[in-house]
Amino acid sequence: MKWSKTLIQTLRDNPQDAEIDSHKLLVRAGIVKKLAGGLYTYLPLGMRSLKKVQAIVRDEMDKAGALEIVMPILQPAELWRTTGRWDTMGPNMFKLKDRAEREAALGPTAEEEVTDLVKSVVGSYRQLPVTLYQIQWKFRDETRPRFGLMRSKEFLMKDGYSFDVDAEAADKTYWNMYHAYERIFARCGLKAVPVEADGGDMGDSQTHEFHVLADAGEDGIAFCEGCGYAANLEKAARKADFSASRDGASEAIEEVETPSARTIEEVSRFLGLEPSRFVKTLVYSADGKCVMVSVPGDRDVNEVKLKRFLGAKTLELAAFDDVLAVTGAEAGFVGPVSPADKTLRILADISLKGAFGRVTGANKNGYHIKNVDFSRDVSISEADYSDFVVAAAGDACPVCGKPIAIRRGIEVGQVFKLGTKYTDAFKAVYKNDKLEEKTIVMGCYGVGVSRTLQAVIEQSHDKDGIVWPASVSPYQVCICLLDPDTPEAVAVSDALESALEAKGIDVIVDDRAERPGVKFKDADLIGFTVRVVVGAKGLANGGVEIKLRSEDKSKTRIVAPELAADCIEGLLRG
Ligand code: ATP
Ligand code: MG
């Protein structure tokens with residue numbers, strides 16, 4: 001392909017709305033162009049890379065035995081009403097009506113659609129297991145679309161769904177997909193790590209997210225160097241051994257006036273005590289009923305753990321009036337010692353069991369109390385001490401006890417055991433060999449294809465631009481033809497282009513009437529895996545110059561024109 005025949009626009013300036021490197025580079029290198037917030041056009045270069053990611057995903061899915069289908073993006077509301085998700089998905093779902101007032105949604109995912117399909121096609125155990133997948137555009141009205149393709153309103157997802165006779169068979173399928181995912185991301189040139197995640201409203205269901213580690217990642221991940229434990233922060237546990245040694249007597253409780261100090265920082269400054277001596281107390285409404293939770297002052301409440309512990313369907317901070325009614329004070333002055341409502345259930349983080357000498361809110365506006373001793377002053381049942389905080393660096397690993405580290409990650413994929421949540425709702429059953437009716441057991445498997453494309457850039461770039469891994473580079477090779485008016489240089493370039501294409505290597509020839517500096521800058525910005533310089537001067541000196549984008553600038557490799565194709569092939573393979 002000749003540069004002059006394609007449509008490439010590179011930009012000098014970073015887009016105004018781009019916060020992270022990969023977003024800046026996507027736009028500056030002419031991979032995508034923004035239409036509106038969260039909506040992007042894939043330009044010719046971007047389309048080539050996107051298709052390469054898709055091809056890798058498709059190949060690994062096919063090899064893993066999954067069958068490709070494609071289902072409508074426009075999904076009737078009835079499907080979503082069957083599981084109740086028409087309401088619970090909330091404003092994230094783009095909803096619309098057709099001319100006959102029939103409601104529908106632009107699919108944010110497709111569990112309902114595929115379960116409805118399988119229910120009507122599968123009837124016997126002989127048809128199972130089966131895994132179906134599609135690579136289809138998804139729509140989500142994200143609260144904050146940002147970071148380019150990372151969190152967009154319209155994005156390409158590979159969504160796969162497995163159907164098995166029982167949980168044991170579904171487990172096998174799950175791990176088969178898990179390993180396919182490892183291969184997909186490795187082939188895209190990505191280091192992606194599987195991390196344990198919370199099963200959401202699916203109870204204790206098993207799920208792993210695949211994360212690309214990057215400072216720009218939106219998710220926090222707890223890692224243990226010791227044993228390899230990895231979990232996202234919603235799920236990450238910590239070793240629950242907090243038998244506080246009581247090496248001093250508890251002093252008498254003391255009320256102190258803290259007029260305008262509400263936050264831990266304010267009160268800690270006011271009283272001149274370390275934040276860790278404070279107890280942070282929040283009141284939540286769980287399925288409409290108030291519950292109080294206390295955690296150490298320097299820690300955050302993990303709402304996912306709290307919700308799971310309570311087995312609640314909904315959990316939100318309690319309203320102002322409710323907090324006042326159950327505690328006697330406004331948020332900021334509430335605490336676990338004698339709240340107004342004596343029936344209020346109080347929970348506390350496990351690390352507070354036996355804790356003493358603590359400061360808590362006094363359940364009286366403008367006051368805190370000192371010297372709180374949890375075993376003496378707080379009425380919490382034994383079972384209501386649990387792990388309610390977000391894991392932090394230095395916490396003991398729940399598996400081996402070594403200190404954990406916190407890293408940032410970009411979720412590029414997820415595998416999930418769904419059990420019978422959807423097949424129960426749709427009554428998707430099969431007959432076993434005894435002709436008994438059984439419910440099909442499901443799993444689902446998503447890859448953010450467009451997000452993966454950007455994650456590659458986030459993980460592989462330098463100050464000059466993108467550094468594409470060969471497998472997903474828009475063109476694997478860019479020939480910078482420095483003298484497009486010199487027949488000898490053109491002949492060498494044309495011959496090399498043909499030789500590479502014959503080897504199945506895709507090439508773009510920069511044949512523009514531009515200065516060498518412009519061509520080198522663009523080649524570096526777009527980041528084609530291999531750059532070849534063909535020019536009259538170089539040819540007179542013995543050859544063409546070949547360089548991997550990932551190599552140091554000073555590294556030059558002068559190769560005779562007739563050996564260039566083999567040399568490039570070797571570099572791409574190596
Ligand atoms: P997130 O937590 O980042 O919102 P999710 O867990 O809701 O993502 P899934 O439902 O698991 O997303 O979707 C499968 C994959 O689709 C994700 O792993 C991610 O790679 C991708 N994805 C999800 N939402 C978006 C989005 N708004 N833009 C681009 N890719 C997305
Ligand atoms: Mg996910």
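A quick note: this is a predicted structure, and the numbers were derived from the prediction, not measured. When a ligand or atom number is given, it counts from 1 through the structure's own listing order.
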Problem - Test item: side-chain donor near acceptor, T529 and Q476, under 3.5 Å - result: no
Exercise for the section: Decide, yes or no, whether a salt bridge links R85 with E112 under the criterion of side-chain N to carboxylate O below 4.0 Å. Expected result: yes
Fill in the blank from the handout: side-chain hydrogen bond (donor to acceptor under 3.5 Å, both in side chains) filter on D506, not counting sequence neighbours, yields R48, K52
Problem - Steps toward salt bridge (Lys or Arg N to Asp or Glu O under 4.0 Å) verdict (E142, R151) - result: CA-CA 8 Å; E142 297 279 358; R151 187 164 297 286; 3.1 Å; yes
Handout entry: Within 45° cone of W86 ring axis and under 6.0 Å: K95 NZ or CZ
Key = yes
Exercise for the section: Starting from the C-alpha separation in whole Å, work towards a yes-or-no answer on salt bridge (Lys or Arg N to Asp or Glu O under 4.0 Å) for R407 and D215. Expected result: CA-CA 8 Å; R407 305 279 300 272; D215 292 339; 6.0 Å; no
Problem - Distance filter under 2.8 Å, centred on the Mg ion (ligand 2) - protein N, O or S atoms that pass it - result: E411 OE2, Q414 OE1
Exercise for the section: Determine which pairs satisfy ring-ring contact (aromatic ring centres under 6.0 Å, His included) with at least one residue from residues 36-62, sequence neighbours left out, and list them in order. Expected result: Y42-W137
Exercise for the section: Select all protein residues for which some heavy-atom-to-ligand 1 distance is less than 4.0 Å, and list them by chain and number. Expected result: R140, E142, L149, M150, R151, S152, F155, M157, E411, V412, G413, Q414, G448, R451
Handout entry: Quiz item: cation-pi between K417 and Y174, 6.0 Å / 45°
Key = yes
Exercise for the section: Answer whether the closest heavy-atom distance between the side chains of L572 and V477 falls below 4.5 Å. Expected result: yes
